[in-house]
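Please read the structure below before turning to the comments.
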Amino acid sequence: MSLRRVLGLGRALGRRSYCSKSPLPPDFVEALRAVVGTPNVSTAMAVREQHGHDESMHVCAPPDAVVWPHAVGQVQELAALCYRYRVPMVPFGTGTGLEGGVNAVQGGVCFDLSRMDAIMELSLEDFSVSVEPGVTRKALNSYLRGTGLWFPVDPGADASLCGMAATGASGTNAVRYGTMRPNVLNLRVVLPDGRLLHTAGAGRQPRKRAAGYDLTSLFVGSEGTLGFLTMATLRLHPLPEASAATATAFPTVQAAVDCTVQVLQAAVPVARIEFLDEVMAGACGRFSNMELPVAPTLLLELHGSRHSLAEQQQQTVLLAEDIVRLNGGSSLVWAEELKEREHLWAMRHRAWYAALALRPGCQGYSTDVCVPISRLPDVVVETKRDLQDSGLTGPMVGHVGDGNFHCILVFDTQDENEAQRVHAFTKRLGRRALAAGGTCTGEHGVGLGKRALLLEELGQEGLDTLRSIKAALDPHNLMNPGKVL
């Protein structure tokens, strides 16, 4: 039995997501070329395979053709063409997703939007900017350098900002600045039939609104199943004048997570609070050549002005150090120099590669859940025990400030028994989060891998409502079919 079958992936892909795959109509590729030009269309197998998978373990499912539009008008024409001939469409940004969101399980046309990379309508007074789908978060923050503003949502990967909106991405800064959802003010969407929609109205970027249904929030997290996000108007934030970061180790996982909850309850003004279990801490320390105790660890960061940061640190010394000490944590030593902080967070962002280095030659499977803060200690401890009882290598890391954590499962793809244990563990983890009043995914999305859990989370009425919305906007099920629902 193959790994794909064990993980329940081969079966889904074998059905081509619930209806048969049809070949492209005659002369259809020539029609695509007429819209964007011959150099911007490819049917080469290597290119198709490159666009048929993301960073997940889901088997590659290549599209029949890949197109590179350069302008929103071309996206509209291409979408209208696909709609007319009932050809499936799959949006593609940077391919850094983790749940098979770009796999073309029914074939069709992949729209690679990376060449639409304009940054427009920067308003320093309104703290907003509009970006096309080829703009990544690092590119935007580089563009903003010198303005005193930045975009803080940081999932780790240098992902496309429109792709981050499509998956409802989060990251290390979410405890202070929020996830993508509250940081998206407006979206320009090409609907499946080629019509153009501005979710908050053309040219509008209010900080709040109560006019009609919240269409922007509908498309944030829609994972490419409702339309193409061809521009996002984003909320910017003042760049903190000063930052300070620290790491503190604990005797047990329970103590580290208890400390997280208590720090938040005490209103310590943290911008980031990240958790590494002892396996991840050891792996990250070795991989990044950084001295870090092999123990459950919290990474904390404060943001503010130099004066306010000094006050915050005084508060933290009075509050956080007492809380840390009560939970058996090590003393706090703050790093304020940019290079020190960058080294600390670079170590955290390389956690995926550090985990893979634990077992060279093996592959990784990352899964995430999110639970209410009050239930976080119990769920994390139960998950840690489950990993140990299952005999799996699965270092844990999490944005625990908002109840979100990940397990990076590193295993031998040729070991059928181990693959079965991985599959069973991920199902138990998702159901454990649901039983605790949480969600089966806090930031990775549903994609291909968590559709069954979505039904358990929302119930039949909830899922039927989603299907009704999908049918209203995409009656022929052409937009990224087979994902989410």
Side-chain angles (χ1 to χ4, degrees), residues 12 15-22 75-76 79-80 82-91 97 99-109 111 162-163 165-169 179-182 184 186-201 209-230 232 370 430 433-434 437-485:
R15 291 197 304 267
R16 277 293 178 183
S17 190
Y18 336 96
C19 72
S20 62
K21 177 187 175 184
S22 300
V75 178
Q76 289 183 266
C82 291
Y83 190 83
R84 187 180 314 130
Y85 289 97
R86 304 294 189 259
V87 174
M89 299 170 272
V90 181
E99 288 296 345
V102 301
N103 295 36
V105 294
Q106 289 185 23
V109 178
F111 288 54
C162 285
T167 58
T179 65
M180 282 301 291
R181 196 173 300 277
V184 177
N186 200 350
L187 290 167
R188 183 182 69 190
V189 181
V190 173
L191 296 174
D193 60 2
R195 289 177 297 152
L196 194 65
L197 167 70
H198 295 267
T199 58
R209 60 190 299 274
Y213 299 138
D214 189 350
L215 295 177
T216 303
S217 288
L218 173 64
F219 280 88
V220 173
S222 60
E223 301 187 41
T225 62
L226 301 178
F228 296 96
L229 308 189
T230 62
C370 189
L434 296 180
T439 175
C440 64
T441 175
E443 59 183 8
H444 291 179
V446 174
L448 287 170
K450 293 191 173 180
R451 289 167 299 173
L453 289 171
L454 183 65
L455 172 60
E456 295 179 33
E457 181 169 331
L458 297 181
Q460 193 61 55
E461 287 301 322
L463 202 63
D464 287 346
T465 301
L466 293 187
R467 287 182 173 136
S468 297
I469 294 170
K470 168 75 168 172
L473 293 172
D474 183 18
H476 301 296
N477 191 28
L478 299 176
M479 283 300 312
N480 210 7
K483 315 300 168 51
V484 183
L485 301 175

| Any side-chain heavy atom of L455 sitting closer than 4.5 Å to one from Q460? | yes
| message | Does atom CZ (R86) have a neighbourhood of more than 12 heavy atoms from anything else shown, all under 6.0 Å? | response | yes
| query | What residues form a salt bridge (charged side-chain N to carboxylate O under 4.0 Å, His left out) with R84, not counting sequence neighbours? | reply | none
| message | Test of understanding: with side-chain hydrogen bond (donor to acceptor under 3.5 Å, both in side chains), list the residues that count as partners of Q76, not counting sequence neighbours. | response | none
| message | Holding to side chain to side chain contact (heavy atoms under 4.5 Å, CB included), I want the full list of residues that pass it with L458, two or more places apart in sequence or in another chain. | response | L454, L466
| task | Sequence neighbours left out, what pairs pass ring-ring contact (aromatic ring centres under 6.0 Å, His included) with at least one residue falling in residues 443-465? | result | H406-H444
| task | Could you list the residues that satisfy side chain to side chain contact (heavy atoms under 4.5 Å, CB included) with A232, not counting sequence neighbours? | result | V131, C162, L187, L234
| Who passes side-chain hydrogen bond (donor to acceptor under 3.5 Å, both in side chains) against T199, sequence neighbours left out? | N186, T216
| note | CD (E443) and OG1 (T167) are apart, to the nearest 0.5 Å, by 8.5 Å
| task | Could you tell me which residues satisfy ring pair (Phe, Tyr, Trp, His ring centres under 6.0 Å) with F219, sequence neighbours excluded, listed by chain and number? | result | none
| task | Sort and list the pairs that fulfil ring-ring contact (aromatic ring centres under 6.0 Å, His included) and have at least one residue in residues 456-485, not counting sequence neighbours. | result | Y83-H476
| note | Across all chains, not counting sequence neighbours, the side-chain hydrogen bond (donor to acceptor under 3.5 Å, both in side chains) partners of T441 are D368
| said: Taking salt bridge (Lys or Arg N to Asp or Glu O under 4.0 Å) as the cut-off, I'd like each qualifying pair that reaches into residues 209-226, sequence neighbours left out, listed once. | reply: none
| note | The salt bridge (charged side-chain N to carboxylate O under 4.0 Å, His left out) partners of R467 (sequence neighbours excluded) come to D464
| request: Identify, with sequence neighbours excluded, every residue that meets side chain to side chain contact (heavy atoms under 4.5 Å, CB included) alongside E461. | output: none
| Rounded distance [0.5 Å steps], CE in M479 versus CG in L191 | 9.0 Å
